[in-house]
Amino acid sequence: MKLDRHARRERRHRRVRKKVVGTPERPRLCVYKSLRHLYAQVIDDTQGHTLAYASTLDRELRGKVTGPNMEAAKLVGTLIAERARAKGVTKVVFDRGGYPYHGVVKALADSAREGGLEF
């Protein structure tokens, strides 16, 4: 049976999540992208808490970005790094969410690294 693109991404994401787990010392930086927006969360999986969150829907980014493009990914990456550092998080585990590591996902990761997060 041939799976559609969304089902293949979900399958890859489940496979990655078997290995990538966020701890209190090193939470998980999770990325999700839709057709209109880009989301990033820093999650402690042991307690099930979201420590920091940033997306293209944030008030600070609303007028600056249109869609989940490279510019938006860089802004979301710096914003998530800033908010995570404010919570005392410097080291994270990167969860690409089943997406290929290039384009928007890579731009978000690179800007989060520049913002002070360590992968």
Side-chain angles (χ1 to χ4, degrees):
M1 182 173 117
K2 188 171 183 175
L3 299 174
D4 65 338
R5 190 170 73 174
H6 179 71
R8 288 193 312 261
R9 186 197 74 81
E10 286 291 327
R11 182 181 273 184
R12 280 191 306 271
H13 185 54
R14 282 194 306 265
R15 187 171 59 233
V16 168
R17 284 287 289 123
K18 287 179 187 176
K19 301 172 189 168
V20 178
V21 178
T23 62
E25 299 81 32
R26 199 168 172 147
R28 176 171 57 101
L29 174 60
C30 181
V31 176
Y32 177 74
K33 62 180 185 172
S34 68
L35 292 176
R36 291 181 181 229
H37 297 288
L38 187 62
Y39 307 88
Q41 295 180 11
V42 176
I43 304 169
D44 176 10
D45 288 322
T46 57
Q47 295 181 356
H49 289 174
T50 299
L51 305 174
Y53 170 81
S55 75
T56 53
L57 290 171
D58 283 335
R59 290 182 185 179
E60 297 140 18
L61 303 182
R62 269 217 178 141
K64 298 178 184 176
V65 297
T66 57
N69 54 18
M70 297 290 274
E71 178 186 330
K74 291 176 185 174
L75 292 173
V76 170
T78 55
L79 189 60
I80 192 70
E82 176 184 316
R83 291 180 179 175
R85 283 186 305 130
K87 294 282 185 166
V89 175
T90 56
K91 292 185 178 185
V92 295
V93 177
F94 189 64
D95 176 11
R96 61 188 174 93
Y99 302 108
Y101 186 79
H102 67 84
V104 173
V105 175
K106 185 176 187 293
L108 189 142
D110 289 342
S111 64
R113 278 189 194 103
E114 290 172 6
L117 289 183
E118 228 178 282
F119 293 13

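On a predicted model such as this, the values are computed, not experimentally measured, just so you know.
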Student: Could you see if L61 belongs to whatever hydrophobic cluster contains L108? Use Ile, Leu, Val, Met, Phe, Trp, Tyr and a side-chain cutoff under 4.5 Å.
Tutor: yes
Student: How about F119 and L29: do any of their side-chain heavy atoms sit closer than 4.5 Å?
Tutor: yes
Student: For residues Y32 and Y53: do they belong to one hydrophobic cluster (side chain heavy atoms under 4.5 Å, members Ile, Leu, Val, Met, Phe, Trp, Tyr)?
Tutor: yes
Student: Determine whether more than 12 heavy atoms belonging to other residues, nucleotides or ligands lie under 6.0 Å from atom NZ of K33.
Tutor: yes
Student: Find out if a path of hydrophobic residues (ILVMFWY) with successive side-chain heavy-atom gaps under 4.5 Å connects L3 to Y99.
Tutor: no
Student: If every non-hydrogen atom of G22 is compared with every non-hydrogen atom of D44, which pair is closest and at what distance?
Tutor: O-OD1, 3.8 Å
Student: Under the side chain to side chain contact (heavy atoms under 4.5 Å, CB included) criterion, do V31 and Y101 qualify, and how do the steps go?
Tutor: CA-CA 11 Å; V31 176; Y101 186 79; over 6 Å; no
Student: Between R17 and D45, does at least one N-O distance fall below 4.0 Å, as a salt bridge requires?
Tutor: yes
Student: Do V93 and L51 sit in the same hydrophobic cluster, where Ile, Leu, Val, Met, Phe, Trp and Tyr count as joined when their side-chain heavy atoms come under 4.5 Å apart?
Tutor: no
Student: Please report the closest heavy-atom contact between T56 and R36, naming both atoms and the distance.
Tutor: OG1-O, 4.4 Å
Student: Is V105 reachable from I43 through a run of I, L, V, M, F, W or Y residues, each pair having side-chain heavy atoms under 4.5 Å apart?
Tutor: no
Student: What I'd like to find out is whether the side chain of T66 reaches to under 4.5 Å of the side chain of E71, using heavy atoms alone.
Tutor: no
